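What follows is one structure encoded as structure tokens, with my remarks underneath.
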Protein chains: 2
Amino acid sequence: MRGIDVFAIFNFYQSNNSSIAIKMKSQPITIKDIARILGISPSTVSRALKDHPDISPKTKQLVQTFAEKVNYRPNALALSLRSSKTNTIGIVIPEIVHHFFSTVISGIEDVAYGRGYNAIICQTNENYQREVIDLQALVDNRVDGILISMSKNTHEFAHFENLKENGVPVVFFDRICEQISSDRVIADDFEGARIATRHLIDKGCKKIMHLAAPQHLLIGKNRKEGYCSALKEHKLSCDDRLIVKCDTRETVFARADDIIRLAPEVDGIFAVNDSTAIAAMQVLQRNGYSIPKDIAVVGFGDGPNANIAYPPLTTVEQKGYDIGQAAMRLLIGHIENNVDEEEYETKIFTPELVERASSQLGTEY
Amino acid sequence: MRGIDVFAIFNFYQSNNSSIAIKMKSQPITIKDIARILGISPSTVSRALKDHPDISPKTKQLVQTFAEKVNYRPNALALSLRSSKTNTIGIVIPEIVHHFFSTVISGIEDVAYGRGYNAIICQTNENYQREVIDLQALVDNRVDGILISMSKNTHEFAHFENLKENGVPVVFFDRICEQISSDRVIADDFEGARIATRHLIDKGCKKIMHLAAPQHLLIGKNRKEGYCSALKEHKLSCDDRLIVKCDTRETVFARADDIIRLAPEVDGIFAVNDSTAIAAMQVLQRNGYSIPKDIAVVGFGDGPNANIAYPPLTTVEQKGYDIGQAAMRLLIGHIENNVDEEEYETKIFTPELVERASSQLGTEY
DNA sequence: TAATTCGTCGCAACCGTTTGCGGTGTCGTT
DNA sequence: AACGACACCGCAAACGGTTGCGACGAATTA
């Protein structure tokens with residue numbers, strides 16, 4: 001008897017729903033809807049859907065097939081509110097357009113999806129204000145944890161402290177914040193720069209110019225020091241005169257005169273990143289220098305550009321994918337073992353040299 | 001009297017909170033917490049925080065300053081659950097690493113932030129399954145709307161239909177779905193290809209090769225037809241023999257033999273995208289051809305690669321930023337005027353030629 | 001003095017889901 | 001006949017916030 005009634009309503013609902021679906025935007029169906037239609041309580045529906053032993057097989061069957069038919073999906077907002085667990089993590093990065101960050105994201109996402117987490121990506125465009133706003137929005141939406149790579153223009157850290165006060169686990173990667181104690185995953189910039197510079201020396205370079213990033217950035221500092229270290233290793237002097245401050249395509253062109261002035265006495269260039277290296281090659285080529293015949297060049301952070309450059313650029317690969325995976329694993333550890341131990345970990349990935357034409361000093365390409 | 005009491009508790013709470021903040025992760029403070037501490041009801045707190053006229057100035061002052069002190073922030077989940085409005089939109093794209101999509105995202109975000117929306121980005125990696133999962137997750141989290149650029153491998157569209165049934169506004173951009181009626185924002189691939197091909201003809205090319213994407217993709221089809229149209233405009237024949245199917249760096253190298261075989265009789269190349277164009281230039285250069293002296297080359301979709309290439313690549317710019325802005329504006333329109341009119345709009349952006357060295361036929365670079 | 005108004009505030013319901021606990025009905029047991 | 005055991009299901013509270021409505025005291029008015 002009851003069964004017949006129920007299925008009558010069932011069918012009515014179905015046809016009714018599909019007919020109105022054409023005219024109006026139907027709200028997603030809820031457990032309460034199902035309960036009302038089937039004439040049972042929401043709690044029973046909830047339990048039936050998750051095979052709770054208190055529910056009779058018949059009821060389970062009824063509810064489950066009905067839920068299937070109407071394509072029921074639990075409201076994630078309600079679940080999160082009740083459980084205070086969103087299964088979502090936030091990623092805050094300066095710019096997604098950078099190949100390095102894109103690969104980091106891929107690493108993060110692959111681990112995240114595998115463990116049932118969703119990732120929401122925020123880009124700050126190197127803007128401090130945006131970083132503050134993005135982090136606040138993530139906290140407001142109760143993400144379970146956050147992965148951050150700092151903006152270049154961030155010099156205050158209250159918004160980071162704020163995360164800890166709100167109990168949000170955080171892992172910094174690449175652009176870490178020295179003033180905040182936390183888990184960290186970084187590329188070994190010092191060692192990478194040393195490898196790159198050593199390579200130039202091995203290729204026969206005697207006087208190597210360095211195109212450097214601002215020294216208040218860890219990246220800039222560490223890469224410069226790695227460069228100096230390799231020079232000293234080989235009894236070469238680390239001359240400040242050979243260090244030109246430019247770390248983007250634009251700044252290279254802006255300081256082109258300085259580079260050209262130094263070029264005659266130089267036979268190698270180590271640039272703080274690939275686009276700087278490529279821009280420098282172009283500046284030199286336009287001024288009559290041949291690369292790598294006259295001057296060998298090495299970049300940093302292998303992106304797809306390195307292959308496209310003329311000549312193809314020797315560079316050190318930064319292992320963004322691995323860094324992303326490691327960062328996500330660390331974060332999950334903090335989220336799931338709600339251990340309050342402030343035992344922070346730092347993982348370091350050493351870059352690897354990718355040798356191409358641009359560093360073969362003395363050869364024609 | 002009462003004031004003194006309250007502030008005593010206030011101060012107690014403060015010191016207590018800061019002391020435990022060191023040892024344990026404190027949950028974010030809620031309206032209920034504030035109500036309990038101040039000895040008033042949650043409703044009063046809620047109203048005080050939003051300057052409701054029913055609340056006395058004293059109470060408002062008390063609540064507001066206290067909320068400020070403890071850095072109260074409303075729980076976005078709770079707000080969304082009640083209002084069924086998340087102020088969040090979803091972006092589903094194949095790959096963020098592509099410069100075009102990155103710029104689209106910037107356009108979207110700038111409009112979104114300006115109108116009080118957050119954006120959550122999902123990349124499908126050109127994977128149909130991932131696209132289904134991502135869309136489902138967005139719906140589960142009750143985003144207010146979704147912007148999609150389809151994956152290459154999507155041939156079923158039930159998951160798109162599902163969005164409409166759930167009443168989620170959708171705008172397709174760039175990689176639109178022809179089978180689903182919806183708002184669309186696209187680049188005029190046909191016209192762009194025609195402009196690019198015309199440019200080669202203007203530069204003196206008589207026989208132009210086309211490196212084409214698969215013809216089941218709209219992009220591939222439209223760009224090829226634009227190419228043919230320009231040829232016919234100038235009484236040149238559109239010879240299928242001159243069309244080589246390759247649309248990535250890898251496929252260019254795979255079909256390098258075909259390209260080289262055709263090269264002697266060709267004086268121009270129009271490639272379906274920039275990386276294909278650049279790879280083709282490299283293949284030709286390695287085989288003794290000089291560009292643009294022997295063969296002029298034009299790409300499609302100006303990315304930063306075009307500047308880095310040797311020689312710098314002439315290409316047509318796709319206006320990703322504008323497309324992103326337009327798509328987001330359309331979406332907001334649908335979200336905020338809950339008009340059920342199925343009056344769908346299609347916005348078309350015509351690319352612009354960016355002339356560089358690679359297309360200056362007959363000249364030395 | 002009694003009735004009305006106004007200024008302040010709290011109760012309770014709601015959004016969608018979960019879950020402890022208690023209630024009902026049907027057995028079988030003594 | 002009375003009891004406990006068990007299967008099955010619903011009530012209500014909770015997550016955090018909002019809001020219609022009613023309550024209460026004080027001040028104003030008739």
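Chain letters run A, B, ... following the sequence lines, proteins first and then strands; every chain starts at 1. This one's a predicted model, so the numbers in the text were calculated from it and none came from an experiment.
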message: Checking B/C122 against A/E109 for the side chain to side chain contact (heavy atoms under 4.5 Å, CB included) test, could you report, in this order, the C-alpha distance in whole Å, the side-chain angles of both residues, the deciding distance, and whether it holds?
response: CA-CA 10 Å; B/C122 304; A/E109 285 192 335; over 6 Å; no
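- Residues forming a side-chain hydrogen bond (donor to acceptor under 3.5 Å, both in side chains) with B/D144 (at least two apart in sequence, or on another chain): B/K85, B/T86.
- Note: CZ (A/R36) to C1' (C/dC15) measures 13 Å, nearest angstrom.
- We find that CD of A/Q61 is positioned 14 Å from P of D/dC9, with the value rounded to whole Å.
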Scan the side chains in residues 42-50 of chain A for donor-acceptor partners under 3.5 Å anywhere in the protein, sequence neighbours excluded, and list what turns up.
| unit_1 | atom_1 | unit_2 | atom_2 | d |
| --- | --- | --- | --- | --- |
| A/S43 | OG | A/S41 | OG | 3.1 |
| A/T44 | OG1 | A/S41 | OG | 3.1 |

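- For DNA chain C, the neighbouring residues in residues 47-56 of chain B, judged by any heavy atom under 4.0 Å, are B/R47, B/D54, B/I55, B/S56.
- Taking the side chain of A/R82 as heavy atoms from C-beta on, and the options C/dG16, C/dT18, D/dT18, the nearest nucleotide is C/dT18.
- As rounded to whole Å, 15 Å separates atom P of C/dG16 from atom CG of B/L79.
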field: Stepwise salt bridge (Lys or Arg N to Asp or Glu O under 4.0 Å) test for B/E345 and B/R184
entry: CA-CA 6 Å; B/E345 215 172 322; B/R184 296 167 176 173; over 6 Å; no
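- Within 6.0 Å of atom CD in A/E68, 12 or fewer heavy atoms from other residues, nucleotides or ligands are found, so the atom counts as exposed in its surroundings.
- D/dT18 atom P lies 12 Å from atom NZ of B/K32, rounded to whole Å.
- For A/P74, whose side chain is taken as the heavy atoms from C-beta onward, the closest listed nucleotide among C/dG10, D/dG16, C/dT17 is C/dT17.
- Among the nucleotides C/dT17, C/dG10, D/dG16, the one closest to the side chain of B/S41 is C/dG10.
- A donor-acceptor pair is defined here as one N or O able to donate and one able to accept, closer than 3.5 Å; such a pair exists between the side chain of A/N127 and the backbone of A/Q129.
- Stem regions annotated for DNA chain D: C:1-30 with D:1-30, counting only runs of 3 or more consecutive pairs of Watson-Crick or G-U type with both contacts under 3.5 Å.
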- request: Go through the steps for A/V111 and A/Y117 under the test side chain to side chain contact (heavy atoms under 4.5 Å, CB included), then give the verdict.
  value: CA-CA 8 Å; A/V111 173; A/Y117 286 87; over 6 Å; no
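- Contact check, B/S43 against D/dT18: no side-chain N or O comes under 4.0 Å of OP1 or OP2.
- For B/Y72, there are no ring-ring contact (aromatic ring centres under 6.0 Å, His included) partners, not counting sequence neighbours.
- The residue among B/P57 and B/A78 whose nearest nucleotide of DNA chain C is located toward the 5' end is B/P57.
- Rounded to whole angstrom, the span from the CG atom of A/L77 across to the C1' atom of C/dT17 amounts to 11 Å.
- Side chain of B/N75 to main chain of B/L77: a donor-acceptor pair is present (N/O by atom type, distance under 3.5 Å, no hydrogens or angles).
- OP1 or OP2 of D/dC9 lies within a sub-4.0 Å distance of a side-chain N or O belonging to A/T59.
- Proximity note for B/I40 (side chain, C-beta onward) versus C/dT18, C/dG10, C/dG16: the nearest is C/dG10.
- Of the side-chain N and O atoms in B/Y72, none sit less than 4.0 angstrom from OP1 or OP2 of D/dG16.
- Atom-to-atom, CZ of A/R142 to P of D/dC15 comes out at 13 Å; the value is rounded to the nearest Å.
- The interatomic distance linking B/L62 (CG) with C/dC9 (P) rounds to 10 Å, in whole Å.
- The distance from atom CD1 of A/I31 to atom C1' of C/dT18 is 8 Å, rounded to the nearest whole Å.
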Can you give me every donor-acceptor pair (side chain of residues 131-138 of chain A, partner residue at least two apart or in another chain, under 3.5 Å) with its distance?
| unit_1 | atom_1 | unit_2 | atom_2 | d |
| --- | --- | --- | --- | --- |
| A/E131 | OE1 | A/T154 | OG1 | 2.8 |
| A/E131 | OE1 | A/H159 | NE2 | 2.8 |
| A/E131 | OE2 | A/S151 | N | 2.8 |
| A/E131 | OE2 | A/T154 | OG1 | 3.4 |
| A/D134 | OD1 | B/Y113 | OH | 2.8 |

